[in-house]
Number of protein chains: 2
Amino acid sequence: MKPSVTLKKISNMLNISISTVSRALKNHPDISEATRNKVQELAGMLDYVPNAHAISLRTNNSKEFGIIVPSISSYFYHSFISSIEEEARRFGYSLVILQSGEDPKIELENVIKCKNARLSGIFISITSETEDISELLKLDQQNIPTIFFDKVPAYEACNKVCTADTGATRLVADLLIKKKKKKILAMFGNQHLSITQVRVQAFKEFMEQHNWGKKFEIVYAHSPAQASEQLHLAFQKKNKPDAVFCMSDEILTGVMKRVQMLKIQVPEELGIIAISDGSVPQLYYPEITYAETSGFKLGKLAFSRMMTCIAGTPFVQSIVDESVLIFGGSI
Amino acid sequence: MKPSVTLKKISNMLNISISTVSRALKNHPDISEATRNKVQELAGMLDYVPNAHAISLRTNNSKEFGIIVPSISSYFYHSFISSIEEEARRFGYSLVILQSGEDPKIELENVIKCKNARLSGIFISITSETEDISELLKLDQQNIPTIFFDKVPAYEACNKVCTADTGATRLVADLLIKKKKKKILAMFGNQHLSITQVRVQAFKEFMEQHNWGKKFEIVYAHSPAQASEQLHLAFQKKNKPDAVFCMSDEILTGVMKRVQMLKIQVPEELGIIAISDGSVPQLYYPEITYAETSGFKLGKLAFSRMMTCIAGTPFVQSIVDESVLIFGGSI
DNA sequence: TTGAAAGCGCTAACAG
DNA sequence: CTGTTAGCGCTTTCAA
């Protein structure tokens, strides 16, 4: 339990003032080389590390960003976080990652923590249960620029960056039509989520606009197991689907398990297409064709938006990152 | 840009002293109910949030733990982190998650950050490239209890908790023998990693002890693609394997891709068994039988070890979490 | 029951 | 080139 070394301690040992030590350590031009060397050497020996709390308190600048997500486990969030991390490092910022676990209460706790820590800014993807975002909207006024990403609140005037749900869905729908699939099983997740609603809506619209309104059926699945079950049901009918669209990785894994179980031939017997951030589709053979929603690109967009806000031109903006098709051999 | 509200501001508005406000806010028994209500009400209206940096500075206790990992993306680390998070919350601690991206330089930067932030303790899983851990060993002396987990340095006197590599490998080997597999393909990862060496060693030893030394072949793969290729090669020979052992998820995904490609029947044609933390094996049908290394359990162990250290009985200890077999239908 | 005062470690304006 | 001083927001002893 050795007490930590401070500027004061160094200044005492060297019989110089605290401020001289402080300056010497940050290579202030005013300091003589002799003094500077002396100080830096001793600091090195003593393993001096500046106290970040004291600095934050004094300068009122923590040089830290917060990232609040429902869960860090998905490939999407992971690539988003890594992307932000890369940029943050370049600018001398650190990252504080907080998980809300799909629980609005914990999410709120996390927001409070960010305020307590006087973070320089927050990136947040809200949980699917989040209803009251008033606390979040206050952040901007309290001098903590906030960028919503991916799961963003609807209709509010705040900074958002998100992936092109509509665009990605249309890419998929378009390919299904081009491939002349006539009996499409379109599987979506929890229909209470706005992301599901947007995708369902986009899918229906596109199909109908292209006179394909009679060639698909929409079903919902809240888990891989349910997705698996849905495919099972569809394959028991005499008129089996010739293609299945999975709106998420969760759905896709369920579907693929049943495909293996029933030994369904892909793509001959059944075409498969998904929307994904791109890790899961590569686990299978043939690899799954999907519309990509890139956490990495979104991270870059979000970060540059953040820096703009910090620079002091905090007008509100919604940015959408367009999606692209990645071809496997599954359709 | 409204300036943040502080105790001083509240005390001015109410014409009472700062210390009274401070006490009132934390329900100090000395304070009269009238004053307390008055203060708490105003603080509520003003959205007062205590400045965590000031508190840390004053109390010399950040109530934060750091977790440093190569990457948060794996299911193992994710479950470890979530497990720690759960406990930390119960004790009023927050978590700072830092990724090193398999880069010792960034890892070192992260350690420095933890020191700067005067964290209350650190959980760290070192990168496979980490060689110089002197900076890490200093942490304990500098009053930052450090728990190494999963990827731990060899031979050093420090607190470690890790999964039972040897135990898990033996469980697998034992089942392979019980199933009377005679032509086992045992696939391991990067042989420079100590985790690989330990597992290979344990596997060989167990097999030889049980007179099964002639019935397996060991190969190495550094990526899913290489694992896939290895299986391909094995299946081109006239004497095909009747079982494959995958020492990690990475290997398993590569193997499974080739299994799908070659339409190999599992388990009739080929038995499959793995060591995994338990997310990937469930993606397939039949589900893969595996020896589980649980991040969740390890997290609990690590946390309780941390609390012991903080309580001030910091003797060094190595804890190993035993593994169990989870049965799918793959062998 | 409340207030005054000191100090955590650091920065920065000002003075020499 | 170096030192003095004030103060960031908070807790906590001591005194009233």
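Here is the naming used below: chain letters follow the sequence lines, and residue numbers restart at 1 for every chain. Because only heavy atoms are used, hydrogens play no part in the values below, and waters and symmetry mates are left out as well, while side chains stay in. As the structure is a computational prediction, the values presented were derived from the model and not from experiment.
B/N51 comes within contact range of the sugar-phosphate backbone alone, with a heavy-atom separation under 4.0 Å but no base atom that close. B/I55 comes within 4.0 angstrom of sugar-phosphate atoms only, judged by non-hydrogen atoms across all strands, and of no base.
Mapped onto DNA chain C by nearest heavy atom, A/D30 and A/V49 fall at different nucleotides, with A/V49 at the one closer to the 5' end. Both A/S32 and B/K26 lie close to DNA chain D; mapped to their nearest nucleotides by heavy-atom distance, the more 5′-ward contact belongs to A/S32.
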Could you walk me through whether B/F123 and B/F65 pass the ring-ring contact (aromatic ring centres under 6.0 Å, His included) check?
CA-CA 8 Å; B/F123 301 91; B/F65 290 127; 5.8 Å; yes

Candidate pair B/F148 and B/V161, rule side chain to side chain contact (heavy atoms under 4.5 Å, CB included), full reasoning:
CA-CA 6 Å; B/F148 291 86; B/V161 296; over 6 Å; no

Full working for side-chain hydrogen bond (donor to acceptor under 3.5 Å, both in side chains) between A/N61 and A/T59
CA-CA 5 Å; A/N61 181 1; A/T59 62; 5.6 Å; no

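In this model, a donor atom of one side chain and an acceptor atom of the other lie less than 3.5 Å apart for B/Y77 and B/D150.
For the pair A/Y48 OH and C/dG9 C1', the computed distance is 7 Å after rounding to whole Å. Between A/H28 atom NE2 and C/dA12 atom P the separation is 10 Å, expressed in whole Å. To the nearest angstrom, P of C/dT2 lies 12 Å from CD of B/E33. For the pair A/N61 CG and D/dG9 P, the computed distance is 14 Å after rounding to whole Å. The nearest whole Å value for the distance from the NZ atom in A/K9 to the P atom in C/dG7 is 16 Å. Counting to the nearest Å, the C1' atom of D/dT12 and the CG atom of B/L7 are 13 Å from each other. Here the P atom of nucleotide C/dC10 and the CG atom of A/L25 are 9 Å apart, to the nearest Å. The CG atom of B/N37 sits 13 Å away from the P atom of C/dT1 (whole-angstrom rounding).
Of the candidates C/dG9, D/dC10, D/dT2, the closest approach to any side-chain atom of A/A54 belongs to C/dG9. Closest to the A/T6 side chain, of the nucleotides C/dC10, D/dG9, C/dT2, is C/dC10. Closest contact between the side chain of A/I31 and the listed nucleotides D/dT2, D/dC8, C/dT1 involves D/dT2.
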Give me the distances for all protein-to-nucleotides 3-6 of chain D N/O pairs that come in under 3.5 Å?
from	atom 1	to	atom 2	distance (Å)
D/dG3	OP2	A/S17	N	2.9
D/dG3	OP2	A/S17	OG	3.2
D/dG3	OP2	A/T20	OG1	2.6
D/dG3	N7	A/R23	NH1	3.3
D/dG3	O6	A/R23	NH1	3.4
D/dG3	O6	A/R23	NH2	2.3
D/dT4	O4	A/S19	OG	3.1

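Qualifying side-chain hydrogen bond (donor to acceptor under 3.5 Å, both in side chains) partners for B/K160, counting only residues two or more places apart in sequence or in other chains: none.
No side-chain heavy atom of B/H53 sits less than 4.5 Å from a side-chain heavy atom of B/L57.
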Could you list the donor-acceptor pairs under 3.5 angstrom formed by side chains in residues 91-101 of chain B, with sequence neighbours left out?
from	atom 1	to	atom 2	distance (Å)
B/Q99	OE1	A/H78	NE2	3.1
B/Q99	OE1	B/I72	N	3.1
B/Q99	NE2	A/E85	OE1	3.0

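Residue B/T35 places at least one side-chain N or O under 4.0 Å from the OP1 or OP2 atom of C/dT2.
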